[in-house]
Each structure stands twice: as structure tokens, then as C-alpha cells.
Amino acid sequence: QVQLVESGGGLVQAGQSLRLSCAASGRAFNVYTMAWFRQAPGREREFVAAVSRSNAYTDYADSVKGRFTISRDNAKNTVYLQMNSLKPEDTAVYYCAARYGSYMESASASYNYWGQGTQVTVSS
């Protein structure tokens with residue numbers, strides 16, 4: 001089992017950047033594929049990005065490609081989401097998620113563990 005705690009959210013203006021962090025505790029971090037999801041008010045939770053266990057492979061939603069970068073530091077049990085060129089439509093609660101195994105799934109149901117979320121608000 002793993003516990004996840006996100007941090008780094010906040011209020012920024014369009015075009016600015018934020019870096020989210022997700023600290024994991026519990027079972028060995030490098031057995032989990034990690035991902036970020038987000039949920040805006042009135043909308044379903046959606047996939048943002050995923051990173052493989054070794055940090056060698058990544059996957060992104062089309063809406064964030066070229067602007068967001070996911071990475072992980074297995075020595076620090078932490079996964080990051082660098083968000084650049086933020087847009088108002090990026091406003092949402094961002095969740096860190098973990099799944100046991102090597103496949104980078106984009107379906108939220110494939111992830112076993114979730115953090116509590118961190119709010120990101122982008123003003124125009």
C-alpha cells in the first residue's frame with residue numbers, strides 16, 4: 001500500500017508556471033506507475049500525464065502536450081508535474097495516482113491509490 005500527498009497548487013495568471021509535487025510513503029515507490037489526473041467543477045476526472053516506473057517513458061493528454069512535463073525521483077519517492085504556459089482551462093483539482101504494475105494507463109479506474117488533491121486556479 002502507498003500513501004500520496006500532493007502539494008504545489010495555487011493561483012496563477014495565464015501564461016505562468018506551477019510545479020506540483022506528490023510525495024509517496026509506504027511500499028517501495030518504484031513498483032508503481034504514477035500519474036496525474038485533474039477534475040474541474042462539473043466535469044469528470046480526466047487523465048493528464050503518466051510516467052513509467054523507471055522514469056524512462058511518459059504519456060500525456062493531448063490538451064497538455066508540449067506544456068506539461070511529468071517526472072519522478074525514485075530516491076525521493078516523489079513525482080512531479082511541471083506546468084508551463086498555463087491556461088484558464090487548466091483550472092482544476094489535480095490528483096496524484098499510483099497503480100501497481102508497468103503499464104501507463106489513462107483510465108482512472110486502473111489506479112489503486114489516490115492523493116487528496118491540490119487546487120490549481122489559472123486566471124485570465
Side-chain angles (χ1 to χ4, degrees):
Q1 194 162 354
V2 63
Q3 293 78 42
L4 305 173
V5 179
E6 302 98 333
S7 61
L11 171 63
V12 297
Q13 293 185 333
Q16 292 185 329
S17 300
L18 275 176
R19 188 195 198 200
L20 305 183
S21 299
C22 173
S25 60
R27 190 175 175 180
F29 181 62
N30 60 5
V31 305
Y32 296 98
T33 293
M34 301 298 297
W36 288 94
F37 287 78
R38 66 186 182 186
Q39 188 167 19
R43 301 188 65 175
E44 293 187 356
R45 190 169 298 187
E46 65 175 0
F47 171 77
V48 175
V51 60
S52 66
R53 295 184 296 181
S54 65
N55 201 33
Y57 302 99
T58 57
D59 188 26
Y60 296 94
D62 288 343
S63 58
V64 306
K65 279 182 181 176
R67 299 188 298 123
F68 291 10
T69 302
I70 188 171
S71 62
R72 65 191 293 165
D73 185 336
N74 286 341
K76 295 182 178 180
N77 287 3
T78 302
V79 61
Y80 304 98
L81 185 67
Q82 178 66 44
M83 305 185 294
N84 298 330
S85 302
L86 282 161
K87 304 175 181 181
E89 50 263 45
D90 294 318
T91 295
V93 177
Y94 282 71
Y95 296 91
C96 175
R99 67 179 303 274
Y100 182 75
S102 58
Y103 291 105
M104 296 184 294
E105 300 281 355
S106 60
S108 59
S110 298
Y111 289 81
N112 311 103
Y113 304 104
W114 294 85
Q116 82 289 348
T118 186
Q119 176 71 47
V120 172
T121 303
V122 184
S123 64
S124 57

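- Taken to the nearest 0.5 Å, the CG atom of D90 stands 7.0 Å off from the OG atom of S63.
- The backbone N or O of A92 lies less than 3.5 Å from no partner atom in the side chain of Q39, so there is not a single donor-acceptor pair.
- In the hydrophobic cluster analysis, where Ile, Leu, Val, Met, Phe, Trp and Tyr join through side-chain heavy atoms closer than 4.5 angstrom, V31 is grouped together with Y113.
- Counting heavy atoms from C-beta outward, V12 and M83 have side chains that stay 4.5 Å or more apart.
- Looking only at side-chain heavy atoms (C-beta outward), N77 and S25 stay at 4.5 Å or farther from each other.
- Here CD of Q3 is found 11.0 Å from SG of C22. Values are rounded to the nearest 0.5 Å.
- Note: D59 CG to Y103 OH = 14.5 Å, rounded to the nearest 0.5 Å.
- Looking at every heavy atom in both residues, N55 comes nearest to S71 through OD1-CA, 3.6 Å.
- Residue T78 holds its OG1 atom at 12.5 Å from CG of L20, rounded to the nearest 0.5 Å.
- For the pair R53 and S102, the tightest heavy-atom approach, listed with the atom from each and the gap, is NH2-CB, 3.5 Å.
- Listed for the R72 side chain is a donor-acceptor partner under 3.5 Å among the backbone atoms of F29.
- A 4.5 Å side-chain heavy-atom check between Y80 and D73 finds at least one atom pair inside the cut-off.
- Both V2 and V51 are assigned to one and the same hydrophobic cluster, defined by single-linkage of ILVMFWY side chains at heavy-atom distances under 4.5 Å.
- Looking only at atom types and distance, the side chain of R99 has no donor-acceptor partner in the side chain of Y111 under 3.5 Å away.
- Using a distance-only test at 3.5 Å, with no hydrogens or angles considered, a donor-acceptor pair links the side chain of E6 to the main chain of G117.
- Heavy-atom neighbours of Q116 CD from other residues, nucleotides or ligands within 6.0 Å: above the threshold of 12.
- At a threshold of 4.5 Å between side-chain heavy atoms, the hydrophobic network of Ile, Leu, Val, Met, Phe, Trp and Tyr places Y60 and L86 in one connected group.
- Residues Q119 and T91 meet the side-chain proximity criterion, which asks for heavy atoms closer than 4.5 Å.
- The side-chain heavy atoms of W36 and C96, taken from C-beta on, include a pair separated by under 4.5 Å.
- Residues I70 and L4 fall within the same hydrophobic cluster, defined by Ile, Leu, Val, Met, Phe, Trp and Tyr side chains chained together at heavy-atom separations under 4.5 Å.
- One finds the CG atom of N74 at 9.5 Å from the CE atom of M34 (value rounded to the nearest 0.5 Å).
- To the nearest 0.5 Å, atoms CD (E46) and OG (S108) are separated by 11.0 Å.
- Ring orientation note: the planes of F47 and F37 are nearly perpendicular, at an angle over 60° on the 30°/60° scale.
- Connection of V48 to M104 is not established within any shared hydrophobic cluster, with ILVMFWY side chains joined at heavy-atom distances below 4.5 Å, either directly or through further cluster members.
- Smallest separation of non-hydrogen atoms from P88 and S124: CG-CB, 3.8 Å.
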